[in-house]
Each structure stands twice: as structure tokens, then as C-alpha cells.
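Here is the structure we will look at, set down as C-alpha cells.
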Amino acid sequence: MKHLLDIADLDRDELEGLLDLTSSFAEVQRRDIPKVPALRGKTVVLAFFEDSTRTRTSFDLAARRLSADVVNFSVSSSATRKGESLRDTVETISAMGVDAIVVRHASSGAPQQIASWTSASVVNAGDGWHQHPTQALLDCFTISRRLGSLDGRKIAICGDIQHSRVARSNVEAFTKLGAEVVLIGPRTLLPPSLEGWPVKIETDIDAVLPDLDVAYFLRIQQERLSDGLFPTVREYRELYGLTRARAARLDPRALIMHPGPMNRGVEIDPEVANDPRSVVLDQVAAGVPTRMAVLFALLGPGRFDIPTDRTPGTGEQ
Ligand code: NCD
């Protein structure tokens with residue numbers, strides 16, 4: 001594996017390999033010194049052309065806990081602002097001899113394009129509406145930790161599917177790992193064609209709630225309101241939000257998930273976000289070992305090998 005651009009590039013074995021590796025790194029996280037020397041001497045550049053506190057911080061910590069050197073490339077003060085093309089920016093970064101570039105970009109396909117301009121490994125940290133593969137991996141890890149596995153589980157993803165890279169990555173990953181996925185949302189927020197998607201569609205959330213193992217809610221982006229895709233936030237909450245009444249109809253063992261940042265009171269009611277079934281903070285916590293697993297798989301000596309001494313890398317602390 002040279003890059004991680006799209007969940008579609010991974011088969012089930014590779015997904016499971018990454019989840020196993022994530023478990024090893026989750027174990028490292030629980031140590032007094034949650035750091036291993038696996039990527040000592042490697043340099044990871046975080047190139048976030050679109051802002052994101054949680055994803056950037058998580059990649060930053062992951063790289064540092066593998067002892068890599070981390071460079072935070074700041075777009076606001078970069079030459080891109082002075083009119084430099086994306087290609088020149090990428091070639092400039094690569095010429096300095098970096099091993100991996102973690103890319104977040106508002107345009108779908110930007111990480112793929114960047115991968116064709118550099119010899120470094122490229123990790124997609126979210127591109128437009130397209131993909132957010134490490135989010136899907138950390139979500140799969142969170143579910144398998146809580147429920148044992150995804151096989152045969154019924155998962156609903158509810159909200160703005162059309163504009164969601166999280167939905168696209170998760171549909172792919174969840175179904176590859178054997179889950180049954182149903183997408184829920186108003187017609188205006190579902191893609192116009194779902195041909196080829198291995199999913200069921202539902203516009204009435206109440207029809208499916210009691211049967212779910214996982215209820216996954218997406219953020220409603222405020223800009224969709226001005227696009228006229230739904231009339232008011234209040235109406236959206238009434239029809240699709242996880243209200244207290246709806247949460248009461250979910251199975252007591254079901255998981256409530258959200259990629260963050262949450263709009264409390266829109267897609268999820270404030271008190272429901274703190275429900276004991278909510279694993280939102282588990283998802284955040286899974287971000288670091290997941291990204292350690294990805295960086296290690298791309299840059300580490302052992303690729304997918306899970307170290308027998310339970311210390312990824314050389315075994316020293
Ligand atoms: C997600 C994203 O940016 O795609 N958030 C994240 O990675 N922290 C989901 C979202 O912004 O709604």
C-alpha cells in the first residue's frame with residue numbers, strides 16, 4: 001500500500017488488517033509513555049487546505065506517537081495565497097524530502113491528483129464530498145470494539161448523504177465488513193442516483209429505528225439551508241433529528257454515532273448526545289490509533305505485520 005486515498009482501494013482483508021493494527025496501537029495509547037519509535041527519521045507533512053481541528057490534531061498526535069517528524073503546512077501563510085498552483089506547492093514540499101503528505105482539500109480528487117505529483121505517500125484526510133477514509137476506519141474500529149464485529153449488523157446513516165464524504169467512505173467500509181446499511185434523509189439530501197450503492201434507502205427514520213444496531217448521524221451543514229435543500233432547522237429536527245423520543249425507541253444496546261462537529265439541537269438533541277449509548281468520544285479517541293495504523297502501514301518497516309512483542313516498530317520504548 002503506497003497511498004490511502006479511497007476505501008474502495010482496500011479489500012476486506014486489508015481493512016481487517018488495519019483494524020488489527022489499530023488495536024495494537026490502541027494498546028500503546030494506554031501505556032505511561034504512549035509513544036513508539038516505529039517511524040523515527042520519517043517526515044510527515046500535514047497539508048490542510050481546508051481547516052479541521054479534530055482531524056489535523058489527530059493526525060499530528062498519531063505521527064508524533066510514532067516518533068515521526070511532523071510539519072504543519074499552513075495554507076493561510078503559504079505561497080498558494082500568493083497565486084502558486086497546487087502542483088508547484090506539492091512539488092516544493094516533496095523536493096524537501098518528505099515521506100508522507102496528509103491532505104485535506106475542499107475539492108474531490110485533490111489527494112489523488114497530488115499523489116501523481118509526488119513520490120511521497122499520500123493520505124486522504126477528507127476531499128470535498130468524496131472520501132474520508134480514516135474516518136471510516138475509526139468508525140469501523142469503534143463499532144467492532146463495542147459490538148464484536150460489523151458482520152450482519154444493521155447500520156443507518158442519517159442526514160445529508162449527498163454532500164458527505166463520511167457517508168461515502170462509511171457505506172463502502174461498513175458493507176465490505178458485512179454490515180447492512182440503510183441511508184435515511186430527505187430526498188433533497190440524498191444523491192440523485194444511488195445506482196451501484198449497496199444500500200437501502202428510507203425517508204422515514206421512525207420506520208427503522210427499533211431494528212438498528214448503529215444509528216449514525218451526519219452534521220447538517222448550515223450552508224445547505226441557504227441552498228434551499230430543507231426549509232428550516234426546526235423542521236429538519238422534527239423529521240430527522242435524534243430527539244429524546246426517537247432515542248427512546250432505539251434498542252438499549254444500539255450505538256449512537258456522529259463524526260463531529262455536532263450541531264446539538266439539529267441532527268441530535270443536546271441530552272441525547274450524552275446518552276450512555278453515544279460513542280461519539282470513543283470515535284474521537286479511536287482517531288489517533290487509527291491514524292497511527294495508517295501511517296505505520298504506509299511508512300513502517302513491517303507494512304501490515306502486527307508486531308509479536310505488541311510493540312509496533314522496533315520494540316524499544
Ligand atoms: C467530518 C468532515 O470534515 O468530513 N468532520 C471531521 O472530519 N472532523 C464531518 C463533518 O464535518 O461534518
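Below, all heavy atoms of this structure are taken into account, side chains as well, without hydrogens, waters or symmetry copies. Both ligands and their constituent atoms are indexed starting at 1 by order of listing. The chain is numbered in sequence order, starting from 1.
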Notebook entry, point to check: Please walk me through it: do Phe141 and Phe25 pass ring-ring contact (aromatic ring centres under 6.0 Å, His included)?
Noted result: CA-CA 12 Å; Phe141 181 74; Phe25 286 116; over 10 Å; no
Check: Does a salt bridge link Asp160 with Arg224, judged by any charged N lying under 4.0 Å from a carboxylate O?
Finding: yes
Margin query: Can you list everything that forms a side chain to side chain donor-acceptor pair (under 3.5 Å) with His3? Sequence neighbours excluded, please.
Written below: none
Item checked: Pairing residues for Phe230 by the ring-ring contact (aromatic ring centres under 6.0 Å, His included) criterion, not counting sequence neighbours -> Tyr236
Notebook entry, point to check: Less than 4.0 Å between a side-chain N and a carboxylate O, is that true for Arg244 and Asp275?
Noted result: no
Notebook entry, point to check: For ligand 1, what is the set of protein residues having any non-hydrogen atom at a distance below 4.0 Å?
Noted result: Arg54, Thr55, Arg104, His132, Arg165, Val166, Arg219, Gly260, Pro261
Next item on the list: Applying ring-ring contact (aromatic ring centres under 6.0 Å, His included), name anything that partners Trp117, two or more places apart in sequence or on another chain.
Entry: none
